[in-house]
Amino acid sequence: MNHYQRQIILPQVGEQGQQKIAEARVLVIGAGGLGCALLPYLAAAGVGHLGIVDGDRIEESNLHRQILYTPEHLGAFKVEQAKQVLQKQQPQCTITSYPEYLSGKNALELFDHYNIIVDATDRIDVRYLINDAAILTSKPVVYGSIHRFEGQVSVFNYNDGPTYRCLFPKAVEVPSCAEAGVLGTSVGIIGMLQAAEVMKIILQTGSILSGELLVYNTLTAHQEKFKFSKKESIEITQDFFDENHNKSENIQVNFKQEFLERAVLLDVRNLEEQPRIKHPSVLEIPLSELSQNKASFKPEQNYYVFCQSGRRALQAVNYLKENHINNTKPLAENATQLKNLVTSVTIIK
Amino acid sequence: MEVTLKYFGQLVDVLGTHEETRGIEQHTSAALLDHLKKNNAIGHIPFQLAINQKLIDQDENVTLKEGDVIALLPPYAGG
């Protein structure tokens, strides 16, 4: 037990607390910037079981902030690499990696196996999915998110407390790190604040950020807390969950059918955004340049639009429809997911 | 009536400031929210209002007072 001696001597931990840490089962959704920051500390503290969910593969543009990965890992699943590094650092920790994206289909079953859920994703729609699945399975969620130099941290559904929907009732589209830019130190700080909340929940000590939104600004080193209360009018039922998370109006790309022969995949990201998807079916026109390229769209053609968060894809779909290019739909996959699909299947075209 | 408006997230990017103290004509949170949403620069950005560090419901109408600190809090996606 020498390994944990320095934390066991804390009156808030002790042998009993260390036992609680060892018995904890924490599921981390997202092995990006926030996940890479908080995972090593949870493993090092002796968390008995860590689950990591992410379908992304490691890209060069991740390396400035996702510190578990090195250039030789490019192209590998993030969760597999994270597991390998953490396991080497902390052999006593049991780590389960899930190289898949969280969805309405797998969320409830996954959550059932864990006590605490950590939201370290970079997509708003997944944040609602995590929230709703956590309510149905009665798990607390430790939430962290980033916009440039600012981060938000809170704890949802803790002892039936307020949830993400009490804070932000409506799903909206906002820019991700890929679109807005971020410094590694900012995600590091926010990830660490999340890890600290996880430890407090396990140890039942301190005051937990339930019903409070902490906003930290890394440029000014200011932090502020905002109180919010539970909205009893918001009720998450299984039907609501299925309605919101188990049906998608977005089209999923299918490389195995003749899908691509009839379709153009329209990438509306700016040309410098990575990863680029080089494929005969992909047409690259940034959202801001759609109007000047309007004439090149054919009304009889099917267009499936994608970007990074889905926000610009929706704007592009609306714009094209306004201009009578009606066979236009947003893709369920974002650029990163699409890149993974393109590299993992043989394309017949 | 003079209040302090605090901006967060994308609102800072668009408005170029974190905070301003200024006179407003609106006397309720609903009227202020309506006024802010009509501002073309920020109308497209979703946010919640917090008055003196307490979030209010979009459908809740709070009477504003001189010196109130009103925060505009958007959701963030990044991680």
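Treat the numbers as computed from the prediction; the structure is a model and nothing was measured. Chain naming here is simple, since letters A, B, ... match the order of the sequence lines and numbering starts at 1 in each. Below, each value reflects all heavy atoms present in this structure, side chains not excepted, and no hydrogens, waters or symmetry copies.
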Query raised in the report: Thinking salt bridges, do D34(B) and K37(B) make one under a 4.0 Å N-O criterion?
Result: no
Query raised in the report: Hey, mind stepping through Y7(B) and E20(B) against side chain to side chain donor-acceptor pair (under 3.5 Å) and telling me if it holds?
Result: CA-CA 9 Å; Y7(B) 305 113; E20(B) 59 180 335; 2.4 Å; yes
Report task. Please say whether more than 12 non-hydrogen atoms of neighbouring residues, nucleotides or ligands are located less than 6.0 Å from CD in E25(B). Result -> no
Query raised in the report: Non-hydrogen atoms of chain B under 4.5 Å away: do they reach the side chain of N217(A), the backbone, both or neither?
Result: side chain
Query - Plane angle bin for Y143(A) and Y164(A) - parallel if under 30°, tilted between 30 and 60°, otherwise perpendicular - result: tilted
Query - Engaged part of K225(A) at the chain B interface, taking heavy atoms whose separation is under 4.5 Å - result: backbone
Report task. Name the option with the most non-hydrogen atom pairs under 4.5 Å to chain B; the candidates are Q66(A), H222(A), E212(A), E224(A). Result -> E224(A)
Query raised in the report: Would you call R165(A) and I135(A) a side-chain contact if the rule is heavy atoms closer than 4.5 Å?
Result: no
Query raised in the report: Tell me, side chain or backbone of R127(A) under 4.5 Å from chain B's heavy atoms, or both, or neither?
Result: side chain
Requested in this report: Let me know which of D54(A), N334(A), T121(A), D56(A) forms a side-chain hydrogen bond (donor to acceptor under 3.5 Å, both in side chains) with Y101(A).
Outcome: D56(A)
Query - F149(A) portion near chain B, given a 4.5 angstrom heavy-atom threshold - result: neither
**Report entry** Under 4.5 Å from a heavy atom of chain B, the part of L167(A) involved
**Finding:** both
Query raised in the report: What part of F8(B) is in contact with chain A, defined as an atom under 4.5 angstrom from a non-hydrogen atom: side chain, backbone, both or neither?
Result: both
Query raised in the report: Given the options S229(A), S145(A), S186(A), which has more heavy-atom pairs under 4.5 Å with chain B than any of the others?
Result: S145(A)
Query - Engaged part of I56(B) at the chain A interface, taking heavy atoms whose separation is under 4.5 Å - result: neither
Query raised in the report: Does the distance from a Lys or Arg side-chain N to an Asp or Glu carboxylate O, for K54(B) and E60(B), drop under 4.0 Å?
Result: no
